[in-house]
Amino acid sequence: MKTIGVFDSGFGGLTVLRELLPLIPDTRYVYLGDTARLPYGSKSRETIVRYAVSSAHFLADQGAELLVIACNTATALALDEIREAMPIPVIGVVEPGAQAVLAAAKASRAGTGQSKVVVLATAATTQSKAYSRSLSALGLSSIEKACPLLVPLVEEGWLEQPAHKAVTLDVLRIYLLEALEQAPGANILLLGCTHYPLLTPLIETTLKNLHHSMQIIDSAAATANAVAAHLSGSPPRLVDANPECIFYATDSIEKFQRLGSAFLRQPLSEVHLVDLGG
Ligand code: DGL
């Protein structure tokens, strides 16, 4: 059984794991949420590289033969350094995300020439311009909007309870209004942070209230497909095999279990606390 390491600063990377499980089931997954050092998105490049490389080493030490960087911030700021440091293949989320946008633009009425993309992401990801570069290489014009309050709202689970949800909707309204001021008529919204798919229903409500229709794309499914394509040279998969998941978090196991299992829609039985330093 192959071991795939999946890494995020928190539990947003579970959006990628959720897509991987049915697609590549005959696999042992080791997942690390670096919750003690989250958020990465407000930190400097040097710090993000240091945290991401140490997290990648931890997963390789747990037997990972392939690493999925299920974090846009770590991918945008540290993918080259992680690849240099690791002797195993490393797949990030930015390139698959940009390819998913290209496919959506091609299928849209506007086509690639007229499509305008808004990328919502952390401050570090937007500053890196990783998405603008990838999208413009594919002939797509985009603007990137930093949304620093969204990761804490998702990590706190402020998504359903009415008073919490009202705050999250207010924050989304402000961010989306500001983004649409910069890119009026934008037709594609890329969720450039693996935490944001958890906000999709609230983003849809906000866009509806703003009377603005956009196609929402996230990189989770596209990344899982990129992993499957990478493995397609491997021996045939046992499709009825059950994946095995082991979770590691660098802060509260209880919180990781509670929020993570609600999201993954399965109990996170094996969650271990790990200390990766500061
Ligand atoms: N989930 C991470 C991403 O995709 C961001 C979380 C953070 O700021 O640490 O960018």
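All ligand and atom numbering here is 1-based and tracks the order in the structure. The shown structure was predicted, so the numbers you read here are calculated from the model rather than taken from an experiment. Because only heavy atoms are used, hydrogens play no part in the values below, and waters and symmetry mates are left out as well, while side chains stay in.
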Can you list the atoms of ligand 1 that are under 4.0 Å from a heavy atom of [X]?
X: Asp8; answer: 1 (N), 2 (C)
X: Val151; answer: 6 (C)
X: Thr122; answer: 5 (C), 8 (O), 10 (O)

Verify whether one side chain among [X] and [Y] offers a donor that lies under 3.5 Å from an acceptor in the other.
X: Thr3; Y: Arg28; answer: yes
X: Asp34; Y: Ser9; answer: no
X: Asn72; Y: Tyr131; answer: yes
X: Thr73; Y: Thr122; answer: yes
X: Ser115; Y: Thr112; answer: no

Worksheet item: To which protein heavy atom is atom 10 (O) of ligand 1 closest, and what is the distance rounded to 0.1 Å?
Response: Thr73 OG1, 2.6 Å
Fill in: atom 6 (C) of ligand 1 - nearest protein heavy atom and its distance
Ser9 OG, 3.1 Å
Fill in: Proximity to ligand 1 by part of Thr194, non-hydrogen separation under 4.0 Å
both
Worksheet entry | Residue-ligand contact Pro39/ligand 1, heavy atom below 4.0 Å | yes
Discussion item. Would Cys71 count as a contact residue for ligand 1, given that I'm defining contact as a non-hydrogen atom of the residue lying under 4.0 Å from a ligand atom?
Written reply: yes
Mind checking whether [X] has an N or O less than 3.5 Å away from an N or O of ligand 1?
X: Gly41; result: yes
X: His195; result: yes
X: Tyr40; result: yes

Item to complete: Could you tell me how the ring of His164 sits relative to the ring of Trp158: parallel (under 30°), tilted (30 to 60°) or perpendicular (over 60°)?
Response: parallel
Discussion item. For a 4.5 angstrom cut-off between non-hydrogen side-chain atoms, does Leu176 reach Leu210?
Written reply: yes
Worksheet item: Hey, is Lys255 close enough to Glu156 for a salt bridge, meaning N to O under 4.0 Å?
Response: yes
